[in-house]
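Below: one structure, written as structure tokens.
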Amino acid sequence: MTMTPTTPVPPSTQATSAASTTPVFSVEGLWKVFGPKSERVPLDPELAALPAAELRSRTGCTAAVRDVSFDVRKGEVFVVMGLSGSGKSTLVRCLTRLIEPTAGAIAVDGEDVRAMDRTRLRELRRHRAAMVFQHFGLLPHRTVLDNVAYGLEIQGVGKAERRERARAVVAKVGLEGMEHRRPGQLSGGQRQRVGLARALAVDPEVLLFDEPFSALDPLIRRDMQEEVIRLHREEGRTMVFITHDLSEALKLGDRIALMRDGRVVQLGTPEEIVGSPADDYVREFVRDVPREQVLTVRTAMRAATASEAGHGPAVAPDATVSEAIEAVARAGTPARVMDRGRCLGVVDPAALLGVVAGTAPGAATGAEPRKEAV
């Protein structure tokens with residue numbers, strides 16, 4: 001709810017407030033079409049509406065990204081998820097014009113990315129948005145420390161300073177003591193940590209991850225996911241994360257854009273996507289997700305009676321249904337949903353189990369499914 005101030009807001013405060021609400025990345029009507037005369041596809045409604053196979057047969061073109069719009073908010077982990085060929089990797093490369101978009105608008109902190117000259121693009125890629133790739137791209141003849149410092153070297157930072165900064169980041173990602181090893185002496189997970197440290201060393205505003213952990217063994221992959229969560233918790237850095245793995249998306253994402261055939265079919269929080277699928281494709285995608293581990297107690301909460309509000313176990317509003325089931329089972333009474341000392345409501349066994357089964361009135365998140373964020 002927007003509050004109307006009772007006193008005039010100073011211009012400086014207005015400017016600060018406006019800056020804080022400006023998306024880090026803003027994407028509107030983005031297309032990437034490969035093939036002859038690709039620019040005609042977004043401009044022609046008939047061609048733009050064709051299914052992929054028919055578009056290829058009629059024009060020889062492939063629309064990898066189709067009319068995609070979203071904002072990435074400051075400090076969030078924004079996940080773009082989809083199966084192979086959905087357009088997710090093409091999309092993230094368009095953000096910094098590693099791949100040139102065919103049509104649409106991209107802005108970073110309000111600045112038009114498509115209007116940037118080569119100098120501004122270099123500055124964007126070197127300072128503001130660092131990419132972490134699936135294939136580590138480490139320089140085999142350089143040590144861990146020098147690999148991490150490489151981006152700073154490209155920026156022209158002096159040797160002593162860049163090595164000092166690289167050492168600090170190496171320690172941050174858990175590789176202290178390995179500074180003088182070469183990539184060939186490291187495990188896959190350790191090499192990926194070096195890639196992450198190299199991106200962090202340049203202190204970018206945004207980290208762009210393009211399926212960085214898909215080639216790792218499951219246990220190492222889980223460790224790297226935890227590392228990303230820890231770094232985000234400690235630094236609050238904005239991250240855009242590309243993955244084909246639903247469990248990874250649900251674990252990492254504040255919001256998820258689910259792609260299919262170049263389009264975003266739903267954009268929302270993990271809870272919205274699992275609790276309120278936008279269509280049958282999304283519903284099938286999330287069918288086997290343990291709902292109790294994603295949905296929060298808000299989905300099962302009801303008003304508390306006077307007696308219920310005064311006693312019983314307490315859970316936070318963002319506690320999962322699974323956590324609430326444990327609390328209710330231990331106490332044998334409904335659990336209070338508490339926020340800063342205030343009782344918002346209660347959850348009882350019947351409502352919680354109804355959410356797990358998908359039969360309770362509150363099983364959906366209550367939010368309208370969103371196919372795209374404008």
Side-chain angles (χ1 to χ4, degrees), residues 2 9-32 65 67-81 87-133 151-152 154-157 165 169 196-210 212 228 231-242 252-257 259 264 267-269 370 372-374:
T2 302
V9 179
S12 59
T13 304
Q14 293 176 357
T16 301
S17 176
S20 66
T21 58
T22 300
V24 177
F25 271 105
S26 183
V27 176
E28 185 173 353
L30 185 68
W31 285 80
K32 178 56 190 178
V65 177
D67 194 22
V68 167
S69 301
F70 61 86
D71 290 338
V72 178
R73 303 163 184 163
K74 185 174 178 61
E76 79 170 329
V77 179
F78 185 90
V79 174
V80 182
M81 190 199 74
K88 58 189 184 298
S89 291
T90 301
L91 172 61
V92 76
R93 282 167 165 77
C94 284
L95 295 181
T96 57
R97 285 174 54 197
L98 291 174
I99 292 177
E100 283 290 345
T102 305
I106 305 170
V108 57
D109 294 325
E111 182 180 359
D112 186 350
V113 173
R114 297 196 68 194
M116 289 181 176
D117 59 19
R118 290 184 179 181
T119 301
R120 290 297 290 161
L121 270 181
R122 280 196 299 270
E123 194 273 338
L124 171 64
R125 296 167 185 168
R126 290 180 181 179
H127 298 271
R128 300 166 71 182
M131 184 80 80
V132 181
F133 295 99
L152 298 171
I154 295 297
Q155 290 181 2
V157 177
R165 287 167 61 177
V169 179
L196 177 57
R198 182 174 57 189
L200 286 169
V202 299
D203 194 26
E205 182 180 2
V206 187
L207 281 172
L208 305 174
F209 295 87
D210 187 10
V228 169
L231 287 170
H232 183 257
R233 184 172 59 245
E234 292 177 357
E235 299 189 350
R237 197 182 301 271
T238 307
M239 299 180 181
V240 178
F241 198 100
I242 308 301
L252 298 179
D254 294 314
R255 290 188 302 147
I256 300 168
M259 294 190 71
V264 173
L267 193 159
T269 65
R370 288 176 289 170
E372 288 193 4
V374 178

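Just the heavy atoms: all of them, side chains too, but no hydrogens, waters or symmetry mates, feed the values below. Just so we're clear, the structure is a prediction, and the values are computed from it rather than from any experiment.
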Exercise for review: Starting from the C-alpha separation in whole Å, work towards a yes-or-no answer on side-chain contact (heavy atoms from CB on, under 4.5 Å) for Phe25 and Val206.
Suggested key: CA-CA 9 Å; Phe25 271 105; Val206 187; 4.1 Å; yes
**Study point:** Derivation and outcome, side-chain contact (heavy atoms from CB on, under 4.5 Å), residues Met116 and Glu123
**Key:** CA-CA 10 Å; Met116 289 181 176; Glu123 194 273 338; over 6 Å; no
Closest contact, heavy atoms only, [X] versus [Y]:
X: Val169; Y: Ala201; value: CG2-CA, 3.9 Å
X: Ser26; Y: Asp71; value: OG-OD1, 2.8 Å
X: Ala129; Y: Pro204; value: N-CB, 4.2 Å
X: Lys32; Y: Thr90; value: CG-CG2, 3.8 Å
X: Ala257; Y: Val264; value: CB-CG1, 4.1 Å
X: Asp67; Y: Gly29; value: OD1-CA, 3.3 Å

Can you tell if the side chain of [X] reaches within under 4.5 Å of the side chain of [Y], non-hydrogen atoms only?
X: Leu152; Y: Val202; answer: yes
X: Ser69; Y: Glu28; answer: yes
X: Lys88; Y: Met81; answer: no
X: Val240; Y: Val92; answer: yes
X: Leu208; Y: Val132; answer: no
X: Val80; Y: Leu91; answer: yes

For [Y], does its backbone N or O pair with a side-chain atom of [X] as donor and acceptor, under 3.5 Å?
X: Glu234; Y: Leu231; answer: no
X: Asp254; Y: Val77; answer: yes
X: Asp112; Y: Arg114; answer: yes
X: Arg93; Y: Asp210; answer: no

Check your understanding: What do you reckon, are the aromatic ring centroids of Phe70 and Phe78 less than 6.0 Å apart?
Key -> yes
Review point. Is the shortest side-chain N to carboxylate O distance from Asp109 to Lys74 below 4.0 Å?
Key: no
My understanding is that only residues two or more places apart in sequence, or in another chain, count here; which of them pass side chain to side chain donor-acceptor pair (under 3.5 Å) with [X]?
X: Arg97; answer: Glu100
X: Thr96; answer: none
X: Glu205; answer: none
X: Arg120; answer: Glu111

Revision key, fill the gap. The single option from Met239, Met131, Glu235 that satisfies side-chain contact (heavy atoms from CB on, under 4.5 Å) with Leu207 is Met239
Practice item. Go through the structure and list residues passing side chain to side chain contact (heavy atoms under 4.5 Å, CB included) with Arg118, not counting sequence neighbours. Key: Arg122
Point to revise | Separation between CD1 of Ile106 and CG of Leu124, rounded to the nearest 0.5 Å | key: 10.0 Å
Check your understanding: Between atom OG of Ser89 and atom CE of Met259, what is the distance when rounded to the nearest 0.5 Å?
Key -> 9.5 Å
Exercise for review: Identify which one of Arg165, Arg237, Arg128, Arg126 satisfies the salt bridge (charged side-chain N to carboxylate O under 4.0 Å, His left out) criterion when paired with Asp203.
Suggested key: Arg237
Review point. Run the side-chain contact (heavy atoms from CB on, under 4.5 Å) check on Thr238 and Val72 step by step: do they pass?
Key: CA-CA 8 Å; Thr238 307; Val72 178; 3.7 Å; yes
**Study point:** ring pair (Phe, Tyr, Trp, His ring centres under 6.0 Å) involving Phe209 - partner list, sequence neighbours excluded
**Key:** Phe241
**Study point:** Derivation of the side-chain contact (heavy atoms from CB on, under 4.5 Å) call for Leu121 and Asp117
**Key:** CA-CA 6 Å; Leu121 270 181; Asp117 59 19; over 6 Å; no
